[in-house]
Amino acid sequence: MSKLIFGCGYLGSRVASLWLDAGHTVSAVTRSQDRAAEFRARGLRPIVADVTTPETLQALPDADTLLFAVGFDRGAGKSIREVYVEGLRAVLDALPTTVGRILYISSTGVYGQRDEQWVDEDSPCEPTREGGKACLAAEQLLRQHPLGDRAVILRMAGIYGPGRIPRSADIVRGTPLPSPSEGYLNLIHVEDAARIVLAAEVLASDARAPLPRTYTVSDGHPVPRRAYYEELARLLDAPPPTFIAPDPDSPAASRAEGSKRVANTRLVAELSPTFAYPSYREGLAAITSEA
């Protein structure tokens with residue numbers, strides 16, 4: 001079977017590996033000739049194209065499944081809306097109409113709750129940050145598009161894993177963290193996230209599935225920010241963390257404004273994932289032991 005990935009990065013690359021291991025043909029889109037060579041060496045079929053340049057998308061291959069997991073490159077000179085919304089629109093319009101399933105990676109940033117309440121797929125979406133606003137607009141675009149009736153939207157919590165534990169170097173050095181100590185973090189290990197993407201593909205293959213369908217993707221164990229960094233410090237044999245107020249204009253300050261707890265009840269009930277890392281404790285322990 002054939003797969004097509006836009007956004008073969010931290011998450012998409014792991015999904016690609018799972019598909020390759022299962023014997024599928026996987027095409028991956030990149031803007032870089034160097035990355036294309038890397039993809040080819042891995043057994044992927046590279047396509048050099050740019051979601052913000054529609055004319056580069058005119059020869060997309062047919063695919064049973066499209067994964068759209070495009071991240072935002074601040075150095076590319078494009079706005080986040082141009083990439084997330086208009087980029088998705090360009091891809092959908094360029095796709096062969098025979099594409100079987102669409103898996104769209106969104107974010108729990110679509111929620112703007114600040115009072116530590118639980119949120120799920122039916123909670124109000126009132127994002128305050130530009131990334132969340134763009135993700136929500138992209139979701140709405142996908143649902144309204146003629147191909148939206150074959151889509152699964154996965155609202156990912158904070159994806160962490162090997163090579164992606166923010167502030168770990170500061171913890172080791174004992175540097176105060178520019179972040180409030182309060183508020184909840186909602187997380188999903190990248191390996192669990194990749195397997196959930198494949199479970200969503202299985203769901204979307206069922207003619208009885210109520211598509212489009214949305215899932216909040218987290219391990220279901222929100223953790224207070226202080227407790228998370230205290231556990232990380234313990235595992236790194238570092239001093240307990242200290243905190244300082246972030247620069248009011250920094251992304252850290254913007255992220256810290258929200259505090260919610262993401263429920264994964266629908267995910268567990270309908271996709272039945274088996275979590276290799278059921279909470280941040282197991283995930284951090286595995287990552288730090290390998291470092």
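- Between His189 and Tyr277, the two ring planes are parallel [angle under 30°; tilted spans 30° to 60°].
- For the pair Arg164 and Tyr10, the distance from NZ or CZ to the six-membered ring centre is under 6.0 Å and the angle to the ring normal is within 45 degrees.
- A 4.5 Å side-chain heavy-atom check between Val217 and Thr108 finds every atom pair outside the cut-off.
- Distance OH/Tyr229 to OG/Ser179: 6.0 Å, rounded to 0.5 Å.
- Connection of Val152 to Ile5 is established within a shared hydrophobic cluster, with ILVMFWY side chains joined at heavy-atom distances below 4.5 Å, either directly or through further cluster members.
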Using side-chain contact (heavy atoms from CB on, under 4.5 Å), reason through Phe39 and Arg45 one step at a time and then give a plain yes or no.
CA-CA 7 Å; Phe39 289 170; Arg45 296 186 176 183; over 6 Å; no
| salt bridge (Lys or Arg N to Asp or Glu O under 4.0 Å) assessment of Arg31 paired with Asp73 | CA-CA 11 Å; Arg31 292 178 290 127; Asp73 179 0; 3.0 Å; yes
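- Taking all atoms of both residues into account, the shortest heavy-atom contact from Leu177 to Pro241 is CD1-CB, 4.2 Å.
- One distance of note links CG of Leu236 with CD1 of Ile165; it measures 7.0 Å at 0.5 Å rounding.
- No more than 12 heavy atoms of other residues, nucleotides or ligands shown are found within 6.0 angstrom of CZ on Arg81.
- Under 4.0 Å is where a charged nitrogen must lie from a carboxylate oxygen, and between Glu201 and Lys3 at least one such pair does.
- The two residues Pro176 and Ile244 make their nearest non-hydrogen contact at CB-CG2, 3.7 Å.
- Under 3.5 Å, the side chains of Asp120 and Thr216 contain no donor-acceptor pair of N or O atoms.
- Here the SG atom belonging to Cys135 is positioned 10.5 Å from the CD1 atom belonging to Ile153, to the nearest 0.5 angstrom.
- Atom CZ of Arg42 has more than 12 heavy atoms from other residues, nucleotides or ligands within 6.0 Å.
- The nearest pair of heavy atoms linking Lys133 to Pro127 is CE-O, 3.5 Å.
- The two residues Ala157 and Leu187 make their nearest non-hydrogen contact at CB-N, 3.8 Å.
- A donor-acceptor contact shorter than 3.5 Å is absent between the side chain of Thr53 and the backbone of Ala49.
- In this structure the side chain of Pro222 reaches within 4.5 angstrom of the side chain of Asn186, judged on heavy atoms.
- Counting only residues at least two apart or in different chains, side-chain hydrogen bond (donor to acceptor under 3.5 Å, both in side chains) contacts with residues 233-242 comprise Glu231-Arg234.
- Under a 4.0 Å N-O distance rule, the pair Lys260/Asp115 does not qualify as a salt bridge.
- Rounding to the nearest 0.5 angstrom, the gap separating the CG atom in Asp122 from the OG1 atom in Thr214 is 9.5 Å.
- For the atom pair CZ (Phe72) and CD (Glu82), the distance works out to 8.5 Å, reported to the nearest 0.5 Å.
- Residues Val197 and Ile105 have side chains in contact (heavy-atom distance under 4.5 Å, counting atoms from C-beta outward).
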| task | Could you go through the side-chain contact (heavy atoms from CB on, under 4.5 Å) check for Phe6 and Leu67 one step at a time? | result | CA-CA 6 Å; Phe6 279 83; Leu67 171 63; over 6 Å; no
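- With a 6.0 Å radius and a threshold of 12 heavy atoms from other residues, nucleotides or ligands, Gln33 has its CD atom at or below the threshold.
- The shortest distance between side-chain heavy atoms of Leu147 and Leu95 falls below 4.5 Å.
- Ionic pairing of Asp149 and Arg143 is not present here: no N-O contact between side-chain nitrogen and carboxylate oxygen is shorter than 4.0 angstrom.
- Nearest heavy-atom pair across Ala36 and Thr30 is N-CG2, 3.7 Å.
- Side-chain contact between Trp19 and Thr65 is present, with heavy atoms from C-beta onward closer than 4.5 Å.
- A salt bridge is defined here as a Lys NZ or Arg NE, NH1 or NH2 lying under 4.0 Å from an Asp or Glu carboxylate O, and Arg213 with Glu121 fails to meet this definition.
- In the hydrophobic clustering of this structure, Val26 groups with Leu11; members are Ile, Leu, Val, Met, Phe, Trp, Tyr whose side-chain heavy atoms approach within less than 4.5 Å, directly or through other members.
- No donor-acceptor distance shorter than 3.5 angstrom exists from the side chain of Glu270 to the backbone of Leu267, with no hydrogens or angles considered.
- Donor-acceptor pairing under 3.5 Å is lacking for the side chains of Asp64 and His24.
- By the neighbour-count criterion of 12 heavy atoms within 6.0 Å, atom CZ of Arg14 is densely surrounded, having more than that number from other residues, nucleotides or ligands.
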Quiz prompt | Evaluation steps, side-chain contact (heavy atoms from CB on, under 4.5 Å), between Phe68 and Leu4 | solution = CA-CA 8 Å; Phe68 192 94; Leu4 175 61; over 6 Å; no
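- The shortest side-chain heavy-atom distance between Leu44 and Glu38 does not fall under the 4.5 Å cut-off.
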Could you go through the side-chain contact (heavy atoms from CB on, under 4.5 Å) check for Arg195 and Val15 one step at a time? CA-CA 7 Å; Arg195 284 186 284 269; Val15 175; over 6 Å; no
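- For Glu130 (side chain) and Ser79 (main-chain N/O), no donor-acceptor pair under 3.5 Å exists by modelled atom type.
- Of the N and O atoms on the side chains of Tyr111 and Glu126, not one donor lies less than 3.5 Å from an acceptor on the other residue.
- For the atom pair CG of Asp206 and CZ of Arg101, the computed distance is 11.0 Å after rounding to the nearest 0.5 Å.
- Remark: the backbone N or O of Pro54 is paired with a side-chain donor or acceptor of Gln58 at under 3.5 angstrom.
- A donor and an acceptor atom, one from each side chain of Ser32 and Asp34, are nowhere located under 3.5 Å apart.
- Between Leu20 and Gly43 the shortest heavy-atom distance is CD2-O, 3.8 Å.
- Without hydrogens or angle criteria, Asn264 side chain to Ser218 main chain gives a donor-acceptor distance under 3.5 Å.
- The shortest distance between side-chain heavy atoms of Leu92 and Ile102 falls below 4.5 Å.
- Donor-acceptor pairing under 3.5 Å is recorded for the side chains of Ser181 and Arg226.
- In the hydrophobic clustering of ILVMFWY residues, with side-chain heavy atoms under 4.5 Å counting as a link, Val99 and Leu141 come out together.
- Counting only heavy atoms from C-beta outward, the side chains of Tyr184 and Arg225 never approach each other to under 4.5 Å.
- Grouping the Ile, Leu, Val, Met, Phe, Trp and Tyr side chains by contacts below 4.5 angstrom, directly or via other members, places Tyr280 apart from Phe275.
- If you chain together hydrophobic residues whose side chains sit under 4.5 Å apart, Met156 and Leu136 never meet in one group.
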